[in-house]
Peer 1: 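Handing you a structure now.
Each ligand, and each atom within it, is numbered from 1 in the order the structure gives. Just so it is clear, the values below take in all heavy atoms, side chains as well, and ignore hydrogens, waters and symmetry mates.
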Amino acid sequence: MVSRVVFGRGSFNQLDEILASKRKGRNAPFIFYVDDVFKGNHWLTSRIALSYKDKIIYVPTKEEPSTDQIDQLVEDIILEYSELPSGIIGIGGGIVMDIAKAVSLMLTNKGESKDYQGWDLIKHPAIYHVGIPTISGTGAEVSRTTILTGPIRKLGINSDFTPFDQVILDPELTKDVPKKQWFYTGMDCFVHCVESLNGTFLNAFSQSYGEKAFELCKEIFLEDNLSKEEAQNKLMMASWHGGMSIAYSQVGVAHAMSYGLGYLLGIKHGVGNCIVFDHLEEFYPEGVAIFKQMKAKHNIELPQGICADLEQDQFDKMIDVALSLEPLWENAIGKNWNTIITRQKLLELYKKM
Ligand code: NAD
Ligand code: ZN
């Protein structure tokens, strides 16, 4: 679990104070990965105080992180500094937070990041790392994974060393998220809840977090009783609870299939989950019905026909990626999942998208 967390509008102002006690010396910098949407945004960046060799690195977020990118970022740090950093700070959405987690792990674990994709392969504790979400929904701020696209598949580095040492939850940082993106990333949280609550891995720990996040999502996306600020505050907590819910269970069908879309077509996590989830009535009837209400209420039109022109070998690749995520299927369907989830079944579903 995340060791320390602060919550509150304006809590981002405490960053400097929080980091001060973690500085290891002049030659051990803090490296700040910041979503490049904030480049030139004085309101945010003026609150990142740089000393000694500290550095801000702006990260483009058109594409989701790859193992090559992480290895490059780690090499850059090793070549530039004589000592390991005092800390790695990620300020942004799921992409930037995952980059911060992965870099902090790979600075202390030898070799290439692709070799750590999977479960519990990391051997050594990471560098001190801090997550500061600026958009809510993924749960990346609280989860024990960092999702990377590697040469063979899209899969997380899941380990007990992956969670942040410190998280700063300041809902005010999410105030300028564009509406569509707010919906897509928010729905990631909703889908986490549905997949966790309807999974065979469910237990009282996951259920208590999942139910809370599910209620918050309904309040935020279906009702009209919240001010903008309240909705931002609540979505940040929904994201946290949704992330906690899957930490002790698993995601399911939507994520498995969305990873296939992400791997082959570069479709991003949030929108990819929405595209898939829209067609999953047979697996999650109640969740999909609510999702469709939310979509209608916010006038969201999802991309259609994204698989229309694909060749058989492309479908095969997506199906390979989806099927390789066995724990997700086992959670969704049960131990005998592969009698129900055949290649043909997945092909039919992908063809609808
Ligand atoms: P993202 O990081 O892709 O960001 C989406 C967009 O929102 C970007 O264009 C970004 O610039 C913009 N944005 C972010 N904050 C903003 C702000 N305050 N104002 C204006 N624009 C802002 O989106 P995401 O949905 O948060 O993250 C998706 C990524 O998270 C994927 O790479 C996915 O694999 C990963 N993920 C990780 C976990 C985990 O547990 N580690 C869980 C789910 C998803
Ligand atoms: Zn997700």
Peer 1: Does an N or O anywhere in T134 fall below 3.5 Å from an N or O of ligand 1?
Peer 2: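 N/O-N/O distance under 3.5 Å: yes.
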Peer 1: Who's closest to atom 36 (N) of ligand 1 heavy-atom-wise, of V96, I147, V191?
Peer 2: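 Checking each option, the heavy atom nearest atom 36 (N) of ligand 1 is found in I147.
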Peer 1: Can a cation-pi geometry be assigned to K212 and W240, taking NZ or CZ under 6.0 Å from the six-membered ring centre and within 45° of the ring axis?
Peer 2: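 So K212 doesn't make the cation-pi contact.
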Peer 1: Using only atom types and a distance under 3.5 Å, with no angle test, would you say the side chain of Q293 pairs donor to acceptor with the backbone of L222?
Peer 2: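 Absent.
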Peer 1: Does the ring center of F221 lie less than 6.0 Å from the ring center of F190?
Peer 2: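 Here the rings of F190 and F221 have centres that are no less than 6.0 Å from each other.
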Peer 1: Is the closest N or O pair between G270 and ligand 1 shorter than 3.5 Å?
Peer 2: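 No; every N/O pair is 3.5 Å or more apart.
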Peer 1: Under 3.5 Å between any N/O of T61 and any N/O of ligand 1: does that happen in this structure?
Peer 2: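 It does: an N or O of T61 is found under 3.5 Å from an N or O of ligand 1.
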Peer 1: Measuring from atom 25 (O) of ligand 1, which candidate in T185, N41, I91 has the nearest non-hydrogen atom?
Peer 2: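 Checking each option, the heavy atom nearest atom 25 (O) of ligand 1 is found in T185.
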Peer 1: Counting N and O atoms only, with roles assigned by atom type, does the side chain of S239 sit under 3.5 Å from a partner on the main chain of L235, one being a donor and the other an acceptor?
Peer 2: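 No, S239 side chain to L235 backbone: no donor-acceptor pair under 3.5 Å.
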Peer 1: Restricting to N, O or S atoms, which atom of H269 is closest to the Zn ion (ligand 2)?
Peer 2: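 Checking each N, O and S atom of H269, the shortest distance to the Zn ion (ligand 2) belongs to NE2.
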Peer 1: Judged on heavy-atom distance to atom 35 (C) of ligand 1, which of T149, D98, T138, I95 sits nearest?
Peer 2: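 Minimum heavy-atom distance to atom 35 (C) of ligand 1 goes to D98.
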Peer 1: Under 3.5 Å, is there a donor-acceptor pair between the H255 and D188 side chains?
Peer 2: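 Yes, a side-chain donor-acceptor pair sits under 3.5 Å.
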Peer 1: Using non-hydrogen atoms of the residue, decide whether P178 is closer than 4.0 angstrom to ligand 1.
Peer 2: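 So P178 counts as touching ligand 1.
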Peer 1: Any N/O/S atom, side chain or main chain, of H255 closer to the Zn ion (ligand 2) than 2.8 Å?
Peer 2: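 Yes.
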Peer 1: Distance only, no hydrogens: is a donor on one side chain within 3.5 Å (strictly under) of an acceptor on the other, for S249 and S196?
Peer 2: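 Distance-only check passes for S249 and S196.
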Peer 1: Is there a donor in the side chain of S159 and an acceptor in the side chain of D120, or the other way round, less than 3.5 Å apart?
Peer 2: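 Checked: S159/D120 side chains show no N/O donor-acceptor pair below 3.5 Å.
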Peer 1: May I ask you to identify the nearest protein heavy atom to atom 20 (C) of ligand 1, giving residue, atom name and distance to one decimal place in Å?
Peer 2: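 Result: D176 O, 3.3 Å.
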Peer 1: Between T145 and ligand 1, which part of the residue brings a heavy atom under 4.0 Å of the ligand: side chain, backbone, both or neither?
Peer 2: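 Both parts.
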Peer 1: For ligand 1, is any non-hydrogen atom under 4.0 Å from L173's backbone (N, CA, C, O), its side chain (CB onward), both, or neither?
Peer 2: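 Only the backbone of L173 comes within reach of ligand 1.
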Peer 1: Note the single closest protein heavy atom to atom 31 (C) of ligand 1, along with its residue, its atom name and the distance in Å.
Peer 2: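 Residue, atom and distance for the closest contact: E64 OE2, 3.2 Å.
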Peer 1: Determine whether the side chains of N109 and H124 contain a donor N or O and an acceptor N or O closer than 3.5 Å.
Peer 2: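 No.
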Peer 1: Go through the side-chain N and O atoms of D68 and Q72 and say whether any donor and acceptor fall under 3.5 Å apart.
Peer 2: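 No, no side-chain donor-acceptor contact under 3.5 Å.
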Peer 1: Polar contacts were defined as any N/O atom of the residue lying under 3.5 Å from an N/O atom of the ligand; does this apply to G139 and ligand 1?
Peer 2: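 N/O-N/O distance below 3.5 Å does not exist for this pair.
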Peer 1: Tell me which N, O or S atom of D188 sits nearest to the Zn ion (ligand 2).
Peer 2: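 Considering only N, O and S atoms, D188 comes nearest to the Zn ion (ligand 2) through OD1.
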Peer 1: Give the atom numbers and elements of ligand 1 that come within less than 4.0 Å of a heavy atom of P65.
Peer 2: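 In order of numbering, the contacting atoms are 32 (O).
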Peer 1: Hey, are D316 and Q312 close enough side-chain-wise for a donor-acceptor pair under 3.5 Å?
Peer 2: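 Their side chains do contain a donor-acceptor pair, which is all the 3.5 Å distance test asks for.
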Peer 1: Determine, using heavy atoms of F38 and all atoms of ligand 1, whether some pair is separated by less than 4.0 Å.
Peer 2: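 A heavy atom of F38 does come that close to ligand 1.
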Peer 1: Just to be sure I read this right, does ligand 1 sit under 4.0 Å from the backbone of K268, its side chain, both, or neither, counting only heavy atoms?
Peer 2: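 Just the side chain.
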Peer 1: Who's closest to atom 12 (C) of ligand 1 heavy-atom-wise, of I157, L148, D35?
Peer 2: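 The nearest heavy atom belongs to D35.
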Peer 1: Is G156 near ligand 1, meaning one of its heavy atoms is under 4.0 Å from it?
Peer 2: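 For ligand 1, residue contact (heavy atoms, under 4.0 Å) with G156 is absent.
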Peer 1: List the closest protein heavy-atom neighbour of atom 22 (C) of ligand 1: residue, atom name, distance to the nearest 0.1 Å.
Peer 2: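 Ranking protein heavy atoms by distance from atom 22 (C) of ligand 1, first comes V37 CG1, 4.0 Å.
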Peer 1: Answer with yes or no after comparing the ring centroid distance for Y209 and F205 against a 6.0 Å cut-off, counting only values under it.
Peer 2: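 So the answer is yes for these two rings.
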Peer 1: Compute whether any side-chain donor of one residue and acceptor of the other, for K101 and S143, lie under 3.5 angstrom apart.
Peer 2: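 Yes, because at least one side-chain N or O of K101 sits under 3.5 Å from a partner of the opposite role on S143.
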Peer 1: Identify the closest protein heavy atom to atom 26 (O) of ligand 1: which residue and atom is it, and at what distance?
Peer 2: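 For this ligand atom, the closest protein heavy atom is G94 N, 2.8 Å.
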Peer 1: Using a 4.0 Å heavy-atom cut-off, say whether A140 meets ligand 1 through its side chain, its backbone, both or neither.
Peer 2: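 For A140, the contact with ligand 1 is made by both the backbone and the side chain.
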Peer 1: Are any of the N/O atoms in S143 less than 3.5 Å from those in ligand 1?
Peer 2: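 Right, the criterion is met.
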Peer 1: Mind checking the CE-CE spacing from M244 to M1? Nearest 0.5 Å is all I need.
Peer 2: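 Interatomic distance, M244 CE to M1 CE, rounded to 0.5 Å: 3.5 Å.
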Peer 1: Any donor and acceptor pair, going by atom type alone, linking the side chain of Q117 with main-chain N or O of L155 inside 3.5 Å?
Peer 2: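 Checked: pair present.
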